[in-house]
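Below is one structure, written out as structure tokens; the observations come after it.
Only heavy atoms go into these numbers, but all of them, side chains included; no hydrogens, no water, no symmetry mates.
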Amino acid sequence: MDNLEKQLICPICLEIFTKPVVILPCQHNLCRKCANDIFQASNPYLPTRGGSVTSGGRFRCPSCRHEVVLDRHGVYGLQRNLLVENIIDMFKQESTSAKPATPERTEEQAMCQEHEEEKINIYCVTHSVPTCSMCKVFGAHQDCEVAPLKSMYQTQKTELTDGIAMMVGNNDRIQGIISQLKETCRTVEENGMRQKSQLCEKFDHLYAILEERKRDLSSKVAAEQEEKLNYIRGLTKKYKEHLEQSSKTVETGIQTLEEPEMAVFLQTVKDLLKRTGEASSTSHLEKVEQGYEAMDHYTVNFWREGRALRSIDFISDDEDEYEEVDGGKAEAGVGGGASTAAPLPSPAP
């Protein structure tokens, strides 16, 4: 029965011939609908009626590429192969009696995107895509290897089932690995938070020392700055008072020069000349020495300290045992005002 079924497969739709079956001059058979589809695709400009070409034309047999010339009746002028149709009927009867009846499922058949009226009924093995028989004969899959849709469906369904079974079998092992990774992640987070907290505490202690020294040095600069500013402000006030007195003397002198009476002029000019001489002299006023405004003597150089700070790093395992000893000496140095810390003991070989 399997060998007989293969002989009853249409080379276009790859399904059992659908009646009426027509025989070509080269003795190959086709479903008349498939023959009409090939004929229309080969003769797109011939007039049609009711979806069928109504005048003569030609096309090539899909099995042997023999050219078939049709008359004015088109594919309806081809002879029906009644023998093949009878064999199909007997084959279907035998198949029905040999197989138990199964409920039919009504499913919407997928249609080809290139040939919208053609159902997808074959599978292109070359490109791994389902397609229609017209694509095999005239379309993009002419030179491709094809297979029946049903056989590829069963093959790939079996492969997918085996793959799913294998993946399901690995789920427990993967879930165990995920649990271990989550626990490791939680431990890493806890350890990281603890170490960052300790690191911040040590840096905060270092910041406190720097802030204390910053306040001490800044207070010294501020004290001298305020002393110099008070002195300069007082000196500025004295110069302003001298300028005001000198301006008044100049104004009085101008008014005296305008006096027309000589006797009156001579009576006032003596005192005015004395005041003019005093106003012209600034020897009694203090002067700011050159460089008085400089504050460069409060310059600091943190080159060595900066180099030491930039070299701060995590201690190695062989240095861990000396951390507490060194920390105690450093704290004692800060509290006692010492400027130099005791050197670290040399590690044991």
Side-chain angles (χ1 to χ4, degrees), residues 199-315 322-323 325-345:
L199 182 65
C200 291
E201 289 179 0
K202 292 183 180 297
F203 268 94
D204 289 341
H205 180 68
L206 184 60
Y207 296 154
I209 296 174
L210 293 174
E211 284 294 332
E212 182 180 0
R213 294 300 300 151
K214 176 183 174 182
R215 285 193 299 269
D216 293 342
L217 296 178
S218 296
S219 63
K220 292 182 179 180
V221 176
E224 183 168 332
Q225 173 188 345
E226 186 65 24
E227 180 183 354
K228 287 186 175 183
L229 287 176
N230 290 334
Y231 172 74
I232 294 173
R233 290 189 186 110
L235 195 58
T236 302
K237 182 178 179 182
K238 293 180 180 179
Y239 272 91
K240 285 182 178 181
E241 293 175 351
H242 180 78
L243 179 60
E244 183 180 355
Q245 186 65 34
S246 178
S247 298
K248 291 180 179 180
T249 303
V250 171
E251 184 180 352
T252 304
I254 294 173
Q255 293 176 356
T256 303
L257 289 174
E258 294 176 353
E259 178 60 46
E261 293 292 333
M262 290 184 290
V264 176
F265 174 81
L266 291 173
Q267 288 177 352
T268 59
V269 72
K270 183 179 180 180
D271 181 61
L272 185 58
L273 288 173
K274 181 181 178 181
R275 291 188 333 196
T276 303
E278 293 175 353
S280 300
S281 175
T282 59
S283 59
H284 63 286
L285 296 175
E286 297 181 17
K287 294 179 176 59
V288 177
E289 297 180 1
Q290 185 177 2
Y292 181 78
E293 70 281 0
M295 302 285 285
D296 298 343
H297 50 287
Y298 287 114
T299 300
V300 293
N301 187 345
F302 294 133
W303 180 81
R304 283 181 294 183
E305 291 81 356
R307 184 178 179 182
L309 289 174
R310 279 188 291 271
S311 65
I312 291 177
D313 203 349
F314 298 104
I315 60 175
Y322 303 112
E323 183 182 12
V325 176
D326 182 56
K329 291 181 179 180
E331 290 180 1
V334 171
S339 59
T340 304
L344 287 172

Look up atom CD1 in Ile232 and atom CG in Asn230, then write down how far apart they are to the nearest 0.5 Å. 9.5 Å

Is there a side-chain contact between Leu217 and Val221, using heavy atoms and a 4.5 Å cut-off? no

Which atom names give the shortest non-hydrogen contact between Phe203 and Ile312, and what distance separates them? CZ-CG2, 4.3 Å

Is atom NZ of Lys220 surrounded by more than 12 heavy atoms (other residues, nucleotides or ligands) closer than 6.0 Å? no

Over all heavy atoms of both residues, which pair between Tyr231 and Glu286 is shortest? Give the atoms and the distance, please. OH-OE1, 2.9 Å

Hey, what do you get for CZ (Arg215) to CG (Leu210), rounding to the nearest 0.5 Å? 11.0 Å

Tell me, yes or no, whether the heavy-atom count around Gln245 atom CD, taken from other residues, nucleotides or ligands under 6.0 Å, exceeds 12. no

Distance (rounded to the nearest 0.5 Å) between Leu272 CG and Gln255 CD: 10.0 Å

Check whether Thr256 reaches the backbone of Thr252 with its side chain - one donor and one acceptor, N or O, closer than 3.5 Å. yes

How long is the gap from OG1 on Thr236 to CG on Leu229, to the nearest 0.5 Å? 10.0 Å

In the structure I gave you, are the side-chain heavy atoms of Val269 and Glu259 within less than 4.5 Å of one another anywhere? no

Can Asp216 and Glu212 be said to form a side-chain contact (heavy atoms from CB on, under 4.5 Å), step by step? CA-CA 6 Å; Asp216 293 342; Glu212 182 180 0; 4.2 Å; yes

Tyr292 ring centre to Lys228 NZ or CZ under 6.0 Å, with the angle to the axis within 45°? yes

Using 0.5 Å steps for rounding, measure from the CD1 atom of Ile254 to the OG1 atom of Thr249. 11.0 Å

Would you find more than 12 non-hydrogen atoms of other residues, nucleotides or ligands less than 6.0 Å from Met295 atom CE? yes

Identify which one of Glu241, Arg233, Lys240 satisfies the side chain to side chain contact (heavy atoms under 4.5 Å, CB included) criterion when paired with Lys237. Glu241

Value for OG (Ser219) from CD (Glu224), rounded to nearest 0.5 Å, stands at 12.0 Å

Salt bridge check: are Lys274 and Asp271 linked by an N-O gap of less than 4.0 Å? no

